[in-house]
Amino acid sequence: MNASRTARERVRAELVSEIKDVARRQLAVDGATGLSLRAVARELGMVSSAIYRYFPSRDELLTALIIEAFNAVGEAVETADAACPRDQYLDRWMTACRAIRTWALAHPHEYALIHGSPVPGYVAPQDTVGPAARDAFVLAGILRDADAAGKLTPRTAGLPPFPASFAEDAERLRETLFAPLPHDVILMSLMAWTSIYGTISFELFGMYNSVIEDPSATFDYNALTQAHLLGLTPGPQ
């Protein structure tokens, strides 16, 4: 009985993987809004009713693809950071940022799924929150490590004061990501995060076409500028 159940589980896992592979191909052609369980079933040679035993709705299939995409980029960033010496904070930052871009360029349709236009009518469940935060945890961890080593010296001179309305947001973020960094550094980190992903999106979605000839150098400059503003300094040489 156990062997039979294991075999069924293996077959089920293989079919679920095939369904997601076909769905990803659909994303490349029709985008997330065009994803159709019936079309996936048709390509797999299944009757349309059978696929609902694996994914009861299109939204559940979308959620599975979104979680996989978030986990994939998160794993790429974690792996890249882990390969760097712990006390080389600037190198870790640049390596992590480049890992995000490298993954995005290699998986443009999955990137568009998680960072492109929202899918009308789709509401992401709580299950997506943890995977979505994996890359953020890496970047925040670099800042925390640098701060603990006395190697984080934010360049806030001349900048406007952070809005008072951000204080409560900063406290929530401090509890989950940024303890014990001060409010202004937390806000600057969010701005850096937005800028890094914005640069990737501009490149992938064609905003830089006929504007930027070397998007790789532009991305590096932006990531390095954000690190400079945050005050990341190189570790011991």
Side-chain angles (χ1 to χ4, degrees), residues 66-67 69-104 111 114-116 118 124-202 219-236:
I66 287 169
I67 288 174
F70 276 133
N71 278 328
V73 65
E75 182 178 355
V77 177
E78 290 164 357
T79 300
D81 178 53
C84 295
R86 297 296 83 194
D87 60 356
Q88 297 292 323
Y89 309 108
L90 182 59
D91 286 348
R92 288 173 61 190
W93 174 270
M94 294 300 295
T95 297
C97 291
R98 288 169 180 150
I100 297 170
R101 177 176 178 266
T102 298
W103 181 88
Y111 178 89
I114 58 177
H115 292 297
Q126 190 68 22
D127 292 353
T128 62
V129 174
R134 287 178 65 173
D135 49 0
F137 269 105
V138 173
L139 294 182
I142 295 169
L143 299 178
R144 291 196 309 269
D145 291 350
D147 181 66
K151 293 292 184 178
L152 190 69
T153 53
R155 290 165 171 84
T156 56
L159 294 179
F162 74 90
S165 60
F166 179 68
E168 291 185 9
D169 299 325
E171 282 303 316
R172 285 194 297 271
L173 288 166
R174 178 182 281 161
E175 291 175 1
T176 56
L177 282 176
F178 291 106
L181 300 179
H183 289 181
D184 55 351
V185 176
I186 294 174
L187 183 54
M188 290 171 66
S189 301
L190 287 179
M191 296 302 98
W193 183 249
T194 303
S195 182
I196 288 162
Y197 266 99
T199 304
I200 294 172
S201 294
F202 264 50
F219 178 83
D220 276 5
Y221 176 81
N222 181 44
L224 190 59
T225 298
Q226 300 305 323
H228 176 83
L229 291 172
L230 286 165
L232 281 172
T233 59

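Computed from a predicted structure; not experimentally measured.
Taken from OG1 in Thr199 to CD1 in Ile100, the straight-line distance is 11.0 Å, to the nearest 0.5 Å. Atoms OG1 and NZ, from Thr153 and Lys151 in turn, are 9.0 Å apart once rounded to the nearest 0.5 Å.
The main-chain N or O of Ala76 is never found under 3.5 Å from a side-chain atom of Thr79 such that the two would form a donor-acceptor pair. Trp93 places a side-chain N or O within donor-acceptor distance of the main-chain N or O of Ala223, the cut-off being under 3.5 Å. Of the possible polar contacts, none joining the Thr128 side chain to the Ala124 backbone as a donor-acceptor pair under 3.5 Å is found.
Counting heavy atoms of neighbouring residues, nucleotides and ligands inside a 6.0 Å radius, atom CZ of Phe166 exceeds 12 of them.
Looking at Phe70 and Val129, their side chains never come closer than 4.5 Å, going by heavy atoms from C-beta outward. Between Leu230 and Pro154, every side-chain heavy-atom pair lies at or beyond the 4.5 Å cut-off. Residues Asp220 and Met94 have side chains in contact (heavy-atom distance under 4.5 Å, counting atoms from C-beta outward). Put simply, the side chain of Tyr197 reaches to within 4.5 Å of the side chain of Tyr111, judged on heavy atoms. Looking at Leu224 and Leu90, their side chains come closer than 4.5 Å, going by heavy atoms from C-beta outward.
With 3.5 Å as the limit, one finds no donor-acceptor pair spanning the side chains of Thr156 and Asp184. With 3.5 Å as the limit, one finds no donor-acceptor pair spanning the side chains of Glu75 and Asn71.
The two atoms that bring Ser195 and Gln226 nearest to each other are OG-NE2, 3.4 Å, heavy atoms only. Summarising the geometry of Arg155 relative to Gly231, their closest heavy-atom pair is NH1-CA, 3.3 Å, with the distance given to 0.1 Å. For the pair Arg174 and Leu181, the tightest heavy-atom approach, listed with the atom from each and the gap, is NH2-O, 2.9 Å.
Taking a cutoff of 4.0 Å between a charged side-chain nitrogen and a carboxylate oxygen, Arg134 and Glu78 qualify as a salt bridge. Between Asp91 and Arg98 no salt bridge is recorded (no basic side-chain N to carboxylate O distance below 4.0 Å).
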Can I get a per-line list of side-chain donor-acceptor pairs under 3.5 Å for residues 140-150, giving both atom names and the distance, sequence neighbours left out?
unit_1 : atom_1 : unit_2 : atom_2 : d
Arg144 : NH1    : Leu177 : O      : 2.3
Asp145 : OD2    : Arg92  : NH1    : 3.1
Asp145 : OD2    : Arg92  : NH2    : 3.2

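Remark: Asp169 pairs with Arg172 by the salt bridge (charged side-chain N to carboxylate O under 4.0 Å, His left out) rule, at least two apart or across chains. Phe162 meets the ring pair (Phe, Tyr, Trp, His ring centres under 6.0 Å) test with His183; sequence neighbours excluded.
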For this session: For Tyr89 and Leu152, run side-chain contact (heavy atoms from CB on, under 4.5 Å): C-alpha distance rounded to whole Å, both residues' side-chain angles, the deciding distance at 0.1 Å, then the answer.
Result: CA-CA 9 Å; Tyr89 309 108; Leu152 190 69; over 6 Å; no
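When Leu139, Thr95, Val138 are each tested for a side-chain contact (heavy atoms from CB on, under 4.5 Å) with Asp81, only one passes: Val138. For the side-chain contact (heavy atoms from CB on, under 4.5 Å) with Pro131, the lone residue among Ile66, Ile114, Ile67 that qualifies is Ile67.
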